[in-house]
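Numbers here simply count residues along the sequence, with the first being 1.
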Amino acid sequence: MDKAYIFSFIGNGVFIFSWRHVRWGSIQITKTELQLVREALKSNKYEYIHLISGQDYPIKDFSLLNSFLCSNKGAQFMEYHSLPIDKWEGGTFARFQYFRLLDWFDYPNEKGKRIIDFITGFQIKYGLRRRIPDQYPCLYGGSNWMSLTRECWEHIARDDRRSKKFLNRLRFTFASDEVYFHTLVMNSPFKSDVINNNLRLIKWRGGAVKVLNQLDIWDILTSQAFFARKFDSKYSKVLLDALAHFEKISYASHFNITFAKKILLLSRVVRPSTICDITSGVGLYVKFLQDAGFHAYGMDSDSRVCELSRLVFCGKYSCQNIDFFSEVELEMPIDLIISHSYDGNTRIEYKTLCQNFARNTSKYLLLKLPHFSNNEPNHSCDDNQIIRSLIELGFKVNEPMSQMVRFDLDEEFGNLYFFEK
């Protein structure tokens, strides 16, 4: 990457502490990551430090990440496995037993690869082997992209005698950062806090990390991860542009697989011939239902919903730009209408909304209410007013089905009602 381009970001929340040439797979990667962590630890305002690369991208709003970390305070998010494992070269230990001169030559370069492979092959041919690192009783490895607490990083960053010897032993091995951090954490008091999940979406193809493009939008938006990789500024341009716009559309990044399965279960019980998500965003729940064989479609008030939802459906379908919270009359009533992001905003006249439901719903309505009481300021109505209005318009609450949908859902989805007409 061009040095001038990187330095152009200084002053925009980006800090550059030093400049060094880091060769692929070398010990310099681990040393550079340690330096970055130590710099971050100089500030007392960070509770978690996330190790990411220049080809990573956040795929959820940071407010969701902060909420998640607050709910899991003290947990360490790191993918790991005990070594050896079969999927690593030579059953793992080959990366420790031979001198890999990755600090001296660039392996991705054809000449560098030829030199390194020749020297490694010479050691293998004549049985020249290094001892397996023994500074710690057990070795661990995994993805070097992780989210750890400040206290855990402080443990990693300290220069004690054993960790120094271990780091020095990992010189001239391949991808030491995939072993160093994991081994230190899993041989520490923080072991019991580790969740074997690094919160990253990483797709593999042919033994290498896949560069993501617009065909991966569905996997990204429905993932429970908070970061994804790898992205390329050219190959992933359409995807990156779309993700920037998805953030502005309601529920584009709020897909909840538990809620999706509840909708699917409900649909299999009542068997509607048509389903419409009137707060569809880019159509994540719509696609989930379509993939399950239901005739489902979506609408949203955002002006770009047609264009962006087409990416989710790979051009085979698009949600419609219709604002259901103003007066609407569809050509044909829908068997089941779903509304999961009504927030009780004063700009929305709830009587118009209820009349829209009555006019356009032939059988069923699944509605998430904002759970406001009538004494809360800045809201035009409370939940009971909406329920009473719907009952006056010919609906009735099916409480057993409502409880079935609510059961085991997060609090954000807890105020759901299933109505029959």
Given side chain to side chain contact (heavy atoms under 4.5 Å, CB included), test K363 with L336 step by step and report yes or no.
CA-CA 6 Å; K363 293 182 180 179; L336 169 60; over 6 Å; no
Taking the six-membered ring of W88 as reference, does the cationic atom of R95 (NZ for Lys, CZ for Arg) lie under 6.0 Å from its centre and within 45° of its axis?
yes
How many angstroms lie between atom CG of L167 and atom NZ of K31, to the nearest 0.5 angstrom?
6.0 Å
With a distance cut-off below 6.0 Å to the six-membered ring centre and an angular limit of 45° from the axis, does K210 pair with W204 as a cation-pi contact?
no
Kindly confirm or rule out a cation-pi arrangement of R130 over F99, judged by NZ or CZ under 6.0 Å from the six-membered ring centre and within 45° of its axis?
yes
Check whether the ring centres of W24 and F105 lie less than 6.0 Å apart, and answer yes or no.
no
Decide, yes or no, whether a salt bridge links E154 with R150 under the criterion of side-chain N to carboxylate O below 4.0 Å.
yes
Has D56 got a side-chain atom pairing as donor or acceptor with R229's backbone, closer than 3.5 angstrom?
no
Carboxylate-amine/guanidinium contact K203 D219, below 4.0 Å:
yes
Does NZ or CZ of R38 come closer than 6.0 Å to the centre of the six-membered ring of F17, within 45° of the ring's axis?
no
Testing I257, T222, I263 for side-chain contact (heavy atoms from CB on, under 4.5 Å) with F288, which one passes?
I257
Could you tell me whether D117 and R114 have a side-chain N and a carboxylate O separated by less than 4.0 Å?
no
Side-chain donor-acceptor contact under 3.5 Å, D335 with Y364
no
Identify whether the distance between the nearest side-chain nitrogen and carboxylate oxygen of R304 and E307 falls below 4.0 Å.
yes
Do F68 and F77 pass the ring pair (Phe, Tyr, Trp, His ring centres under 6.0 Å) test, and can you show the C-alpha distance, the side-chain angles, and the key distance before you say yes or no?
CA-CA 12 Å; F68 175 82; F77 296 95; 5.3 Å; yes
For V282, is there any backbone N or O sitting under 3.5 Å from a side-chain donor or acceptor partner on S280?
no
For M186 and K191, the nearest pair of non-hydrogen atoms, with its separation, is O-CD, 3.2 Å
Is the distance between the ring centroids of W218 and F255 less than 6.0 Å?
yes
Does the distance from a Lys or Arg side-chain N to an Asp or Glu carboxylate O, for R162 and D160, drop under 4.0 Å?
no
